[in-house]
Asks: 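I am attaching a structure below and will ask some questions about it afterwards.
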Amino acid sequence: MPREPVLFDVTDRVALITVNDPDRRNAVTGAMSAALRAAVRSAESDPGVHAVVITGAGRAFCAGADLSALGVATEDGLLALYDGFMAVAECALPTIAAVNGAAVGAGLNLALAADVRIAGPAALFDPRFQQLGIHPGGGATWMLHRAVGPQVARAALLFGMRFDADAAVRHGLALQVADDPVAAALTLAAGPAAAPREVVLATKATMRLTASPGTVDTEQHEFAKRTELTPQAATIESPEFAARLAAAQRR
């Protein structure tokens, strides 16, 4: 039987969403992205769910976009690959990423899309875009600025800085390091789980409005995603990226 690309479970008013392709380190495909959006919608539409935890099956959190899908992606194809983590970014409920292993490229975007990140001891936050020879996408420029400030964001996207679990906490990319990040995330999620759902929803909505007066943070993310889209698509269509992709697939 083929493996479900995303697992969904609700316990004690918390939805646990697991990207589930451990053999390929949970690389993002169109099918996984669509399943992730469907899982987020299920959580939002269930009055018995007050918070969401996202994690990865196996040793990785998410190793980025599947290279074969990325190599043939048009702008529409890129938007399809982004759709899952955009659903997390847009989620009306509080969200926590339990980063159990590598979060690379689009996988870093998935982690950044959550309200809070908890890092396991093996967590690695790695933009990787420049090393792959492609422009950042999915709103990565804005999300990293928001999470760590301009200097560290530029160190990551322009100079290839990566963050292990301790560095992620030191720079504000993660809230804490936990031996079992899923358990720690579920413990943190017990707060909104015990509160009235309407208060939880209203508080998150208000925080989105007050983060940058005059806009909603999801609008800023959408603007960043659209701004990045054309230059990212152009780099993916370049001969240089095709050569890098062929070399990576031979390994």
Side-chain angles (χ1 to χ4, degrees), residues 5-6 17 19-21 24-41 54 56 60-91 95 97 99 102-114 117 124-147 153-154 156-158 160 162 216-249:
V6 172
I17 297 174
V19 290
N20 184 43
D21 192 357
R24 295 192 304 159
R25 303 175 72 227
N26 304 316
V28 179
T29 62
M32 177 183 284
S33 187
L36 186 54
R37 178 169 284 278
V40 172
R41 284 178 174 164
I54 303 106
F61 177 73
C62 176
D66 177 80
L67 287 178
S68 60
L70 186 61
V72 297
T74 61
E75 289 192 7
D76 286 344
L78 287 171
L79 291 173
L81 291 173
Y82 299 161
D83 196 50
F85 64 73
M86 291 300 296
V88 175
E90 296 157 4
C91 184
T95 53
V99 183
V104 179
L108 175 60
N109 284 356
L110 175 58
L112 287 167
R117 287 155 294 284
L124 178 67
F125 300 82
D126 184 357
R128 195 71 67 89
F129 295 106
Q130 187 163 262
Q131 291 90 324
L132 288 173
I134 62 174
H135 190 281
T141 54
W142 176 76
M143 288 193 289
L144 269 169
H145 270 110
R146 178 183 64 167
R154 291 175 187 187
L157 292 174
L158 297 175
R162 307 188 305 168
V216 183
D217 66 357
T218 50
E219 295 172 351
Q220 297 175 54
H221 192 171
E222 181 66 22
F223 172 78
K225 182 189 77 174
R226 290 289 175 179
T227 301
E228 295 166 359
L229 184 59
T230 297
Q232 187 181 51
T235 54
I236 287 171
E237 293 166 2
S238 71
E240 292 83 358
F241 179 71
R244 288 172 182 267
L245 177 61
Q249 291 175 330

Asks: How many angstroms lie between atom CG of L81 and atom CG of N109, to the nearest 0.5 angstrom?
Replies: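 Answer rounded to 0.5 Å: 11.0 Å.
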
Asks: Quick test of your reading: applying side-chain hydrogen bond (donor to acceptor under 3.5 Å, both in side chains), list the pairs with at least one residue in residues 126-138, sequence neighbours left out, ordered by first then second residue.
Replies: D126-R128

Asks: Which heavy-atom pair separates G138 from M86 by the least distance, and what is that distance?
Replies: O-SD, 4.1 Å

Asks: Looking only at heavy atoms, which two atoms of Y82 and G137 are closest? And how far apart?
Replies: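 Scanning both residues, the minimum pair turns out to be OH-CA, 3.5 Å.
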
Asks: Atom CD of Q232 and atom CG of L229: how far apart are they, to the nearest 0.5 Å?
Replies: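 Rounded to the nearest 0.5 Å, the CD-CG separation comes out at 7.5 Å.
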
Asks: Identify the two heavy atoms, one from A65 and one from A106, that lie closest to each other, and give their separation to 0.1 Å.
Replies: N-CB, 3.8 Å

Asks: Where is the tightest heavy-atom contact between N26 and A60, given as atom of each residue plus distance?
Replies: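 Smallest interatomic distance, heavy atoms only, reads ND2-O, 2.9 Å.
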
Asks: Using 0.5 Å steps for rounding, measure from the NE2 atom of H221 to the OG1 atom of T141.
Replies: 8.5 Å

Asks: Below 4.5 Å, heavy atoms only, C-beta onward: do F129 and L157 meet side chain to side chain?
Replies: yes

Asks: Side chains of V40 and T95: does their closest heavy-atom pair fall under 4.5 Å?
Replies: no

Asks: Side-chain contact test, heavy atoms from C-beta onward, threshold under 4.5 Å: evaluate it for R226 versus L79 and give yes or no.
Replies: yes

Asks: Counting distance only, does the side-chain N/O of N20 pair as donor-acceptor with the main-chain N or O of P5 below 3.5 Å?
Replies: no

Asks: So M32 and D66, do their side chains get closer than 4.5 Å, heavy atoms only?
Replies: no

Asks: Mind running side chain to side chain contact (heavy atoms under 4.5 Å, CB included) on L110 and L36 for me, showing each step along the way?
Replies: CA-CA 10 Å; L110 175 58; L36 186 54; 3.8 Å; yes

Asks: First locate atom CG of D217, then atom CE of M143, and finally report the distance between them rounded to the nearest 0.5 Å.
Replies: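 One finds 11.5 Å between CG of D217 and CE of M143.
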
Asks: Which heavy atom of E228 sits nearest a heavy atom of G139, and at what distance?
Replies: OE1-N, 2.6 Å

Asks: Return yes if some donor-acceptor pair links the side-chain N/O of S238 with the main-chain N/O of T235 below 3.5 Å, else return no.
Replies: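 Here the side-chain-to-backbone pair exists.
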
Asks: Got a second to check how far E237's CD is from I134's CD1, nearest 0.5 Å?
Replies: 12.0 Å

Asks: For the atom pair CZ (F61) and CG (L108), what is the distance rounded to the nearest 0.5 Å?
Replies: 9.0 Å

Asks: Counting N and O atoms only, with roles assigned by atom type, does the side chain of D83 sit under 3.5 Å from a partner on the main chain of R37, one being a donor and the other an acceptor?
Replies: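 Side chain of D83 to backbone of R37: no pair is present.
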
Asks: Using a cut-off of 6.0 Å, state whether more than 12 heavy atoms not belonging to R146 lie near its atom CZ.
Replies: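 For R146, atom CZ is crowded (more than 12 foreign heavy atoms under 6.0 Å).
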
